[in-house]
Amino acid sequence: MSDNLQELEREYQPALEHYLSGAGEAALERAYEIGRRAMAAGLGVLQMAALHQRALSLVLAKAAEPEQSAELAVRATDFLAESLSPFEMALRGFQETSISLRSSLDKLAAAHRALEARTLQQSAVAELGQQALEGADLSELLQKSAGLVAQTLDIELAEILELLPDEKTLLLRAGVGWKEGLVGHATRWVGVESHAGFTLLSNEPAILENLEKDTRFHGLSLLHDHGVVSGMSVVIHGREKPFGTLGAYSTKPRKFTKDDIAFLQATANVLAAAIERKRAEEERQLLARAQAARAKAEEAERRFAFLAEASTVLTESLDYEAMLKSVARVAVPFLADWCLAHVIKDNGQAACVAAAHVDPAKLELARELGRRYPPDPNLPFGIPKVLRTGKAEIYPSDPEPLLRAASYDSEQLQILKQLGLVSAMIVPLGARGRTLGAITLVSAQPARCYTRSDLALAEDLARRVALAVDNAALHQEVLAERDKAERANRAKDEFLAILSHELRNPLVPIIGWARVLKSHSLIAQDDTLLEGIRALERNALNMVRLVDDCLDLVRISQQKIEMKLELVDLNEIARASIETMREQIQVKGINLVVDLSPAKLSVSGDRTRLEQVVINLLINSMKYTSNGGSIVIGSSKVGNDVELWVRDTGIGIAPEYLEQIFEPFRQGTGAWLVSQSGLGIGLAISRQIAQMHGGRIWAESEGLGRGSTFRLRLPLAQESHEEVDRTRPELSNLGRPLRILLMEDSEDILYIMKLELERMGYSVLTASDGREGIELAMREKPDLIISDIKMPGLDGYELIKRVRAIPALATVPAIALTGFGMKTDVEKALACGYNAHLSKPVDPDKLSALIKRLASKQKEMAS
Ligand code: ADP
């Protein structure tokens with residue numbers, strides 16, 4: 001430095017001298033140059049001044065005059081000033097630079113702050129975007145956004161308002177800084193007077209610089225309440241309509257920057273995208289759910305149709321093997337490519353009774369396999385296991401290990417592999433706790449691996465099949481049992497028919513003779529004899545009734561009671577029944593009161609059957625009423641009906657039994673069970689008879705010990721005067737009395753019936769067996785034939801067939817007479833050629849009427 005200084009001093013002094021000597025501008029330039037170099041060498045202004053001082057003193061020392069020195073000193077000042085001018089210029093430049101530098105630094109700091117805020121905002125938006133991408137729950141995301149906005153902008157309140165479907169209301173969906181209870185509930189109207197509403201309607205960001213001064217909005221009480229001063233709000237856009245608005249509010253005056261608005265809008269945009277995504281996702285899910293539901297419904301429909309079809313084929317046969325074959329057929333290919341049905345036979349062994357496959361060639365292969373390698377019943381899996389345990393098995397995929405385990409050797413394994421099995425399920429056929437067999441369903445398609453739902457369907461199918469198989473077995477059992485029962489029933493009916501025939505036959509002459517004797521003059525004169533004969537007849541008729549009851553029992557069970565309808569007076573029926581019972585009632589010490597209607601009560605009815613009902617009622621009243629009690633029998637007309645009642649003062653009937661006693665074999669319980677109780681069929685038969693007459697019968701009682709009333713109600717019939725005129729016999733075509741051929745193997749019956757027919761005015765030929773009868777018929781050509789059915793040698797059926805084969809006798813009226821009152825007997829008799837049927841003992845009036853009817857019909861045909 002000092003070198004420089006000395007050099008500059010050396011230069012400065014001559015230059016100064018040169019200037020002072022009057023060198024002018026050029027010398028001044030040198031001063032400037034020296035000054036510049038001094039500044040470059042690091043010299044200060046003061047050093048420069050000192051240097052000048054020293055050079056000037058040397059110059060002045062050389063000066064001769066003091067006045068001259070003063071002048072020189074003044075002029076030297078200019079030179080110094082010139083040498084200092086680079087310093088001045090440098091100083092000015094420095095000052096200017098320093099000022100511009102400061103302003104640059106300020107700008108830099110502001111830019112840095114803005115950058116920082118923007119970075120913060122950008123990272124907030126990025127974070128939000130990330131969360132939206134991660135599929136955060138929408139409500140959570142909205143809440144988070146509000147928090148992030150408040151934090152990033154360093155403000156107190158943020159809000160997300162959702163536009164509700166009415167498009168008139170905004171709901172505060174999420175927010176921070178709001179009083180408790182507002183988020184999720186508070187609403188605002190969409191209108192220009194609200195900040196958010198304005199934002200939404202104008203569809204662009206809206207800034208609120210100072211709430212106090214902003215005159216645009218009125219409905220901002222909520223913002224006022226929260227001390228809001230400044231704020232901004234942007235639209236959260238949506239695909240079709242906006243989702244709502246996003247707002248940020250500060251309780252201090254704040255001027256929001258463009259960046260702030262951009263940030264808020266960016267946040268709103270992220271939210272909009274997230275909401276859109278969420279909604280699209282929801283729509284997709286809904287669609288997927290709807291598609292899945294439809295697919296499920298279609299699948300269910302298909303399965304239902306399949307089960308319905310399977311159920312239908314199950315009803316097509318009652319043979320279980322046929323049934324299983326049909327089921328196997330319908331199961332392929334819907335449910336399987338293979339279907340096998342095994343059943344456990346009586347010997348306990350399982351046998352394959354049905355098999356179906358989409359490809360018949362494969363089926364043959366499987367059969368061959370079955371023949372060569374009979375299945376091991378102890379196999380710990382597969383069909384043997386299902387048959388043992390009764391539990392379904394499913395092999396969803398990869399059957400190889402099973403096939404390996406099931407194979408005896410590699411050849412079997414090879415064949416099994418060729419079958420191309422993929423997945424399988426085996427379901428048991430279980431019914432009433434037993435395993436009847438199993439159905440195996442196999443898939444040979446890699447795309448069809450059985451699932452639990454397939455198994456459920458297969459089990460459903462198996463349940464139906466098992467039920468049908470079991471029903472078929474039960475049906476076979478029932479058929480066998482019914483056959484057995486029917487055989488037994490037929491045997492019983494035959495026995496009853498034969499029995500009744502055998503019992504009736506001896507009664508015929510008794511009753512017949514009683515009737516003959518009754519009208520004999522000798523007996524008619526003697527009261528005792530007459531009463532004796534009447535008693536004989538009455539009791540014989542009672543016995544006939546008992547036999548009939550026995551038959552009725554059979555008929556009731558077969559619903560085959562036969563009715564012989566005629567016009568009868570119910571009072572007459574009552575009187576006849578009273579006569580039958582009067583004596584017995586009196587003997588028991590019971591008072592019998594008769595209160596019959598004086599008017600005729602006509603009904604169209606079967607006299608015998610109706611008497612049977614009334615007598616049964618009287619017998620019951622007598623049985624269930626003790627000595628000293630009373631029975632009233634009465635009748636009356638009730639509207640279009642007639643009614644007969646029997647009232648007693650007996651043991652009465654408990655209310656719960658009033659109906660039951662009309663069922664066969666039903667009687668009262670021990671409390672009112674008395675020793676007189678019979679079989680319990682009388683009332684059942686009575687009801688059946690009443691119903692067959694179009695009427696009804698019922699019991700009334702006020703309870704046990706309070707007596708009973710039985711009422712029989714029948715429809716009233718129109719009176720007709722068709723009376724049987726027994727006195728005038730039907731005449732033959734020739735105008736003479738009819739000639740009747742009577743065939744009967746019982747001599748007693750033959751005799752008495754001949755007597756009765758002759759009393760009716762007919763001429764009677766008799767034969768005691770069929771053979772004799774047919775000869776007589778051929779010879780005598782009778783006008784009418786009456787024949788027994790059961791006769792030695794040639795029975796009535798055979799007889800009439802032969803009679804009909806003889807041209808002269810082909811149309812002769814023939815009446816079958818038998819103790820067999822069964823419908824089948826009647827039908828058989830008519831089918832063989834008889835024109836009518838009467839059961840023994842025959843009522844003479846009915847016989848007479850029938851003969852007349854047949855004879856006049858014959859006459860009509862002949863004329
Ligand atoms: P049975 O008298 O042979 O037992 P019924 O069919 O005639 O059969 O009657 C059925 C039941 O009705 C009787 O067992 C009896 O308990 C009851 N019953 C019938 N008539 C009377 C009556 N007059 N008073 C009380 N109980 C009666």
Side-chain angles (χ1 to χ4, degrees), residues 496 542-559 561 573-574 577-578 580-596 608-635 643-693 695-714:
L496 280 172
N542 269 349
M543 271 192 75
V544 170
R545 200 165 285 124
L546 278 174
V547 170
D548 281 348
D549 259 7
C550 225
L551 274 175
D552 282 346
L553 189 63
V554 179
R555 289 174 181 139
I556 275 207
S557 72
Q558 299 179 345
Q559 305 210 328
I561 287 190
I573 306 250
S577 312
I578 292 165
T580 311
M581 294 302 303
R582 187 187 291 282
E583 197 183 325
Q584 291 180 55
I585 294 172
Q586 277 166 359
V587 167
K588 209 182 161 190
I590 296 171
N591 180 30
L592 179 68
V593 180
V594 179
D595 179 19
L596 295 176
T608 322
R609 292 292 175 198
L610 291 176
E611 269 184 38
Q612 186 183 350
V613 174
V614 181
I615 288 173
N616 187 34
L617 295 181
L618 287 171
I619 291 174
N620 278 349
S621 284
M622 186 187 77
K623 278 202 296 194
Y624 301 110
T625 304
S626 45
N627 189 329
S630 62
I631 297 174
V632 184
I633 175 165
S635 67
E643 190 178 285
L644 180 138
W645 70 88
V646 177
R647 180 179 304 133
D648 62 51
T649 55
I651 59 169
I653 303 165
E656 62 269 32
Y657 289 104
L658 284 173
E659 259 308 297
Q660 284 192 18
I661 53 174
F662 289 94
E663 287 168 24
F665 309 110
R666 291 302 288 266
Q667 297 167 326
T669 54
W672 49 301
L673 186 70
V674 290
S675 57
Q676 291 101 320
S677 295
L679 280 172
I681 58 168
L683 287 180
I685 294 175
S686 299
R687 175 163 277 185
Q688 190 76 22
I689 293 171
Q691 286 170 351
M692 288 171 81
H693 281 85
R696 57 202 180 92
I697 186 168
W698 71 97
E700 293 167 359
S701 172
E702 289 185 0
L704 290 178
R706 311 191 60 176
S708 324
T709 303
F710 284 80
R711 293 183 193 276
L712 168 69
R713 196 173 278 189
L714 301 170

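Atoms within a ligand are numbered from 1 in the order they appear, just like the ligands themselves. Only this structure's heavy atoms are used, side chains among them; waters, hydrogens and symmetry mates stay out.
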Quiz item: Met622 and Ile590: which non-hydrogen atoms are nearest, and at how many Å?
Solution: O-CD1, 3.7 Å
Practice problem: Would you name the heavy atoms of Ala699 and Ile653 that are closest together and state the gap between them? | Solution: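 In this case the closest contact between Ala699 and Ile653 is CB-CD1, 4.3 Å.
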Quiz item: Among all residues two or more places apart in sequence or in another chain, which pass the salt bridge (Lys or Arg N to Asp or Glu O under 4.0 Å) test with Glu611?
Solution: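 Residues passing salt bridge (Lys or Arg N to Asp or Glu O under 4.0 Å) with Glu611: Arg545.
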Any idea which part of [X] is under 4.0 Å from ligand 1, heavy-atom wise: side chain, backbone, both or neither?
| X | result |
| --- | --- |
| Phe710 | side chain |
| Ile653 | side chain |
| Asp648 | side chain |

Any atoms of ligand 1 less than 4.0 Å from a non-hydrogen atom of [X]? List them with their elements.
| X | value |
| --- | --- |
| Lys623 | 1 (P), 2 (O), 3 (O) |
| Leu683 | 5 (P), 6 (O), 7 (O), 9 (O), 10 (C), 12 (O), 19 (C) |
| Gly652 | 25 (C) |

Quiz item: Ile633 pairs by side chain to side chain contact (heavy atoms under 4.5 Å, CB included) with which of Val593, Asp595, Ile585, Val614?
Solution: Val614
Quiz item: Which residue pairs pass the salt bridge (charged side-chain N to carboxylate O under 4.0 Å, His left out) test with at least one member in residues 697-708, sequence neighbours excluded?
Solution: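 The answer is Glu700-Arg711, Glu702-Arg706.
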Quiz prompt | Note, Val632 side chain near Val646 side chain (heavy atom, < 4.5 Å) | solution =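 Counting from C-beta outward, Val632 and Val646 never come under 4.5 Å.
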Exercise. Using a 4.5 Å cut-off on heavy atoms from C-beta on, say whether the side chain of Leu704 contacts that of Ile651.
Key: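 Sidechains of Leu704 and Ile651: no contact.
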Quiz item: Can you find an N or O of Ile651 that's nearer than 3.5 Å to an N or O of ligand 1?
Solution: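 Checking ligand 1 against Ile651, no N or O pair falls under 3.5 Å apart.
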Contact between [X] and ligand 1, counting heavy atoms under 4.0 Å?
| X | result |
| --- | --- |
| Phe662 | no |
| Ala699 | no |
| Ser708 | yes |

